[in-house]
S.K.: 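Next up is a structure, given as structure tokens.
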There are 2 protein chains.
Amino acid sequence: MVRLTVQRQAILDLINRSNQHWDAEELARCLGENGEQLGIATVYRGLAALENAGLIQSIQLADKKRYERADKGHHDHLVCIKCGDIEEFCDNKIESRQQQVAQDRLFQMTGHQLLIFGVCQSCSNDSQESKNL
Amino acid sequence: MVRLTVQRQAILDLINRSNQHWDAEELARCLGENGEQLGIATVYRGLAALENAGLIQSIQLADKKRYERADKGHHDHLVCIKCGDIEEFCDNKIESRQQQVAQDRLFQMTGHQLLIFGVCQSCSNDSQESKNL
DNA sequence: CGGAGAATGATAACCATTATCAATATCAAC
DNA sequence: GTTGATATTGATAATGGTTATCATTCTCCG
């Protein structure tokens, strides 16, 4: 049996109150600054438990896992390779296509992750400026 | 200037001769068994250099990076959550849709990675059998 | 040949995450 | 409320993939 303890509630609240993609470290730090100091292991376990329960969701980046609210439903991500910023987008057409592919292969799809890498608008502007110096 | 040394050639050859998705460890072991013993750091650096040069390509899984031939061009992957097996598939429709999305967002797309998680046919059959015991 | 730049290999370091374990909290049944 | 079974916590050690360090070796151009 899984318990929704005060520690886990604190994690869940913080994530639900924001639109960020948190990693465990950031979350622990932010909670600490708000008087909710948790052991880092507790944060990791809490995140895993909450994700398992479907209360939060995550994306697996190259270096670390990042967690976000689940109440926005599934979506995909644009990851800026310069600043690391993460934008979100939904596209039903991509999704239905994925399911089609999986079905055709007799593959029982349980989930998916689409990351699009590139340079975000803001970073793109920055490098534009530096060229004009 | 980047050099294509004998060590890197050995890595490249092995990858090009196979259709596997190698991790660094596996590659080093296999090379060792074939009389081409490389330091593990050399393998990592070689893989990075080869990928950089576009001679091989990689996918980033949760735990580790896996490398494969580049001459098949870009494609996406079905990852079995039971046995870890990786199947490949191409779908131009998904691809063009991704580019559309990136363009709409003024996001300069440089690449993408689509992983579809699920249970492969073979694992699916296995669990079917165990039910009938 | 000589020398600059690149690569190698052994190994230490790094860093996100998980395992361990004793202490504590929670909940259900009495 | 007490008890007991089970789950969680937190400090910390351990894990595992990957990168950094650095002395040595290789490669290639002049």
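All figures in this text were calculated on a predicted structure; none of them were measured in a lab. Numbers restart at 1 for each chain; the letters A, B, ... are given by sequence-line order, proteins then strands.
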S.K.: Which nucleotide, C:dT17, C:dG9, D:dG10, lies nearest any side-chain atom of A:Thr42?
M.R.: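 The listed nucleotide nearest to A:Thr42's side chain is D:dG10.
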S.K.: Classify the nucleic acid contact of B:Asp23 as base, sugar-phosphate or nothing, counting any heavy atom under 4.0 Å across all strands shown.
M.R.: nothing
S.K.: Within this structure, what is the CD-to-C1' distance between A:Glu25 and C:dC15, rounded to whole angstrom?
M.R.: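 After rounding, the gap between these two atoms is 9 Å.
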S.K.: Any chain of hydrophobic side-chain contacts (each under 4.5 Å) joining A:Phe107 to B:Val79?
M.R.: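 No, A:Phe107 and B:Val79 fall in different hydrophobic clusters.
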S.K.: Mind calculating the distance between CG (A:Leu27) and P (C:dT17) to the nearest angstrom?
M.R.: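 In whole Å, C:dT17 P and A:Leu27 CG are 12 Å from each other.
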S.K.: Measuring from atom CG of A:Asn34 to atom CZ of A:Arg29, what distance do you get when rounded to the nearest 0.5 angstrom?
M.R.: 12.5 Å
S.K.: Atom CD of A:Glu26 to atom P of C:dA16: distance rounded to whole Å?
M.R.: 10 Å
S.K.: Is it the case that more than 12 heavy atoms not belonging to B:Gln37 sit under 6.0 Å from its CD atom?
M.R.: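 Not more than 12 within 6.0 Å, no.
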S.K.: Where the side chain of A:Ala41 is defined as all heavy atoms beyond and including C-beta, which of D:dA11, C:dT8, D:dT27 is the nearest nucleotide?
M.R.: D:dA11
S.K.: Can you tell which of D:dT21, C:dT11, D:dT6 lies closest to the side chain of B:Arg45?
M.R.: D:dT21
S.K.: Looking across every strand, which nucleic acid part, if any, lies under 4.0 Å from A:Gln7 by heavy atom: base, sugar-phosphate, or nothing?
M.R.: sugar-phosphate
S.K.: Rounded to whole angstrom units, what separation is found between the CZ atom of B:Arg66 and the P atom of D:dT18?
M.R.: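 So the two atoms are 9 Å apart, to the nearest Å.
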S.K.: In whole angstrom, give the distance that lies between atom CG of A:Leu47 and atom P of C:dT18.
M.R.: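 Checked: the CG to P distance equals 10 Å.
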S.K.: Does B:Tyr44 have a side-chain nitrogen or oxygen under 4.0 Å from the phosphate oxygens OP1 or OP2 of D:dT18?
M.R.: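 B:Tyr44 to D:dT18 OP1/OP2: side-chain N or O found under 4.0 Å.
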S.K.: In whole Å, what is the span from the CD atom of A:Gln9 to the C1' atom of C:dA25?
M.R.: 16 Å
S.K.: Would you mind reading off the distance between A:Leu12 atom CG and D:dT8 atom C1', rounded to a whole angstrom?
M.R.: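 The answer, rounded to whole Å, is 17 Å.
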S.K.: Map B:Gln37 and A:Met1 onto DNA chain C by nearest heavy atom, then report which one ends up closer to the 5' terminus.
M.R.: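 This one resolves to B:Gln37.
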S.K.: Quick one: B:Asp63 CG to D:dT15 C1', roughly how many Å, whole number?
M.R.: 13 Å
S.K.: Rounded at 0.5 Å granularity, tell me how far CG in B:Leu12 sits from CZ in B:Arg17.
M.R.: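 With rounding to 0.5 Å, CG (B:Leu12) is 10.0 Å from CZ (B:Arg17).
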S.K.: Compare all side-chain heavy atoms of A:His21 with those of A:Asn19 and state whether any distance is below 4.5 angstrom.
M.R.: no
S.K.: Using a 4.0 Å heavy-atom cut-off across all strands, classify A:Arg8 as base, sugar-phosphate, or nothing.
M.R.: sugar-phosphate
S.K.: How large an angle, rounded to 10°, do the end axes of the helix from C:dC1-D:dG30 to C:dC30-D:dG1 enclose when each is built from five base pairs?
M.R.: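 About 30° separates the two local helix axes.
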S.K.: CD of B:Gln113 to CD1 of A:Ile116: how many Å apart, nearest 0.5 Å?
M.R.: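 With rounding to 0.5 Å, CD (B:Gln113) is 12.0 Å from CD1 (A:Ile116).
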S.K.: Which is true for B:Thr5 with a 4.0 Å heavy-atom rule: it touches a base, it touches only sugar-phosphate, or it touches nothing?
M.R.: sugar-phosphate
S.K.: Ignoring hydrogens and geometry beyond distance, is the side chain of A:Arg3 in donor-acceptor contact with the base of D:dT8 at under 3.5 Å?
M.R.: no
S.K.: For A:Lys65 and A:Asp23, run salt bridge (Lys or Arg N to Asp or Glu O under 4.0 Å): C-alpha distance rounded to whole Å, both residues' side-chain angles, the deciding distance at 0.1 Å, then the answer.
M.R.: CA-CA 6 Å; A:Lys65 213 167 179 180; A:Asp23 68 33; over 6 Å; no
S.K.: Quick one: pull up CD in B:Gln98 and CZ in A:Phe89 and give me the separation to the nearest 0.5 Å.
M.R.: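 Result: 7.0 Å between the selected atoms.
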